[in-house]
Amino acid sequence: MIKVAKFGGSSVATAEQFKKVRNIVRADPDRRFVVVSAAGKRFADDNKITDLLLLVNAHIAYHVDCTQLLKDIEQRFVQIAEDLELTYPIAEKFEEFSSLVGSLSPEYIVSRGEWFTARLMAEYLDMPFLDAADAVVFRHDGSVDMERTATQVKDALQRLGSFVMPGFYGSTVDGTIKLFKRGGGDISGAVLARCLDAHIYENWTDVSGFLSADPRIVDNPRTIHRITFDEMRELSYMGATVLQEEAIFPVREVGIPIQIKNTNNPDSQGTIIRETAEDNEREHLITGIAGRKDFLAVHISKAHMSNRIGIVREALAVFERYGVSVEHIPTGVDSFGVVVNGADVADKIYLIVNDLQQALDPDSVTVIDKLALISVVGRNMSRRPGTSGRVFGALGEAGINIRMITQSSQEISIILGVNNEDFDRAINVVYSAFVAEEMVDMPKEEE
Ligand code: ASP
């Protein structure tokens, strides 16, 4: 069995965390391929090494001396190496790097966070080090060349048998270091899992998986143990994130599941993300609830609109002209709405309304702003009648006015629009009506 285990920044922030990683890796002989982020925060208001390296770049760009900053970064690595009694000459190597920063590319500089972290981790785990620059290949358009990467990774597998690879970067064909987006260590792990044909991609972080609601809004929300890729996309899009959004694509395409696990609590079940989730009587009706505030809906109505072909397209063309991305299009018989991100239209909504009036000659155009959207997500909803009725009933009883309703096309989510000020309460009401109630009915989950 091949497992790729990726450890995020907080999992490698200190020597203590390194020890937890080693225990996890040693607990399972299948964990032979490890990807690490750069050392992250050791406490809440600490700085991530990646952010400090970005700061180094800013100093260089503005010709400000950054000797002390580099010393501080060096000290973070030296501390880990000393605490673990590693022999890698970290101070010497880091100083070599520091002396060259003026001549290095900004992406190269930032990539050293994961590079040094992986160097130390490789020694501590007693595994070979594989430089991501020799494994992950970027095309010039920024996408990963999966074929070349697979060839290099399989070659490394033959040569080394196991390895620790830094996440977050790779190189173009001409050898230039290139970074993924922020949080991109998750993508590196996914790319590696795919290229090794792994059975599972383990993503070790500092939470025990995906939560069914935002813990800042709902008290102690339930952890989601099983979720499908589609459900996760819906929830992440609406603001619930544990993984870098793009990390799912490389593994999803080839059917490799992702397991989210907590380095600080390795025995907790975590969350498994798969293409389909098996049916069982313990499956919940609602998987999770997420939402975002500050949307804006433009409602257009016109008598006999239903007979006029192309009217929605004409309206969308107006939004397209202004470069505004459309989130939802709830429709009625003689009316429809276009829901967009409030911030995207803040300075052009009058122009857009004006253009809609010109183009469509509608009976009315009304704008509702300060709209919050809440997505109630559950793959099992489509098979059980009455779900939306219960959602609306619960909100109605709580006196919350629903301003808009749509359902995603695969029926895995119901999207509700409420006023911004009702947002937190609406989430709590839906959560109590479904998730909390189910927790009472259901056999206790093993945690
Ligand atoms: N170190 C990078 C970041 O902070 C990448 C990662 O942690 O995945 O964004």
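Note that ligands are numbered from 1 as they come in the structure, with each ligand's atoms numbered from 1 the same way. This structure is a prediction, so every number in the text was calculated from the model and none was measured.
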S.K.: Does the cation-pi check pass for Arg274 over Phe229, that is, NZ or CZ under 6.0 Å from the six-membered ring centre and within 45° of its axis?
M.R.: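 Not satisfied by the 6.0 Å and 45° rule.
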S.K.: Write out the residue and atom name of the closest protein heavy atom to atom 8 (O) of ligand 1, then the distance separating them to 0.1 Å.
M.R.: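 Result: Gly185 N, 2.8 Å.
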S.K.: Determine, considering heavy atoms only, which of Arg182, Glu114, Lys181 sits nearest to atom 3 (C) of ligand 1.
M.R.: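 It is Arg182 whose heavy atom sits nearest to atom 3 (C) of ligand 1.
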S.K.: Report yes or no: is the cationic atom of Lys178 (NZ for Lys, CZ for Arg) closer than 6.0 Å to the six-membered ring centre of Phe138, at no more than 45° off its axis?
M.R.: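 Yes, cation above the ring, under 6.0 Å and within 45°.
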S.K.: Considering only the protein, which heavy-atom contact is closest to atom 1 (N) of ligand 1, and what is its distance?
M.R.: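 Result: Thr50 OG1, 2.7 Å.
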S.K.: Regarding Arg119 and the six-membered ring of Phe129, is the cationic atom NZ or CZ under 6.0 Å from the ring centre and inside 45° of its axis?
M.R.: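 Cation-pi check for Arg119 and Phe129: passes.
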S.K.: Check whether Tyr169 forms a cation-pi arrangement with Arg112 (NZ or CZ under 6.0 Å from the six-membered ring centre, at most 45° off the ring normal).
M.R.: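 Geometry flag: set, cation within 6.0 Å and 45°.
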S.K.: Classify the angle between the aromatic ring planes of Phe7 and Trp204 as parallel (below 30°), tilted (30 to 60°) or perpendicular (above 60°).
M.R.: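 Geometry flag for Trp204 against Phe7: parallel rings.
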S.K.: Hey, is Gly184 one of the residues with a heavy atom under 4.0 angstrom from ligand 1?
M.R.: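 True for this residue.
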S.K.: Provide the number and element of each atom of ligand 1 under 4.0 Å from a heavy atom of Ser37.
M.R.: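 Those of ligand 1 that fall under 4.0 Å from Ser37 are 6 (C), 7 (O), 8 (O).
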S.K.: Does even one non-hydrogen atom of Gly183 get within less than 4.0 Å of ligand 1?
M.R.: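 A heavy atom of Gly183 does come that close to ligand 1.
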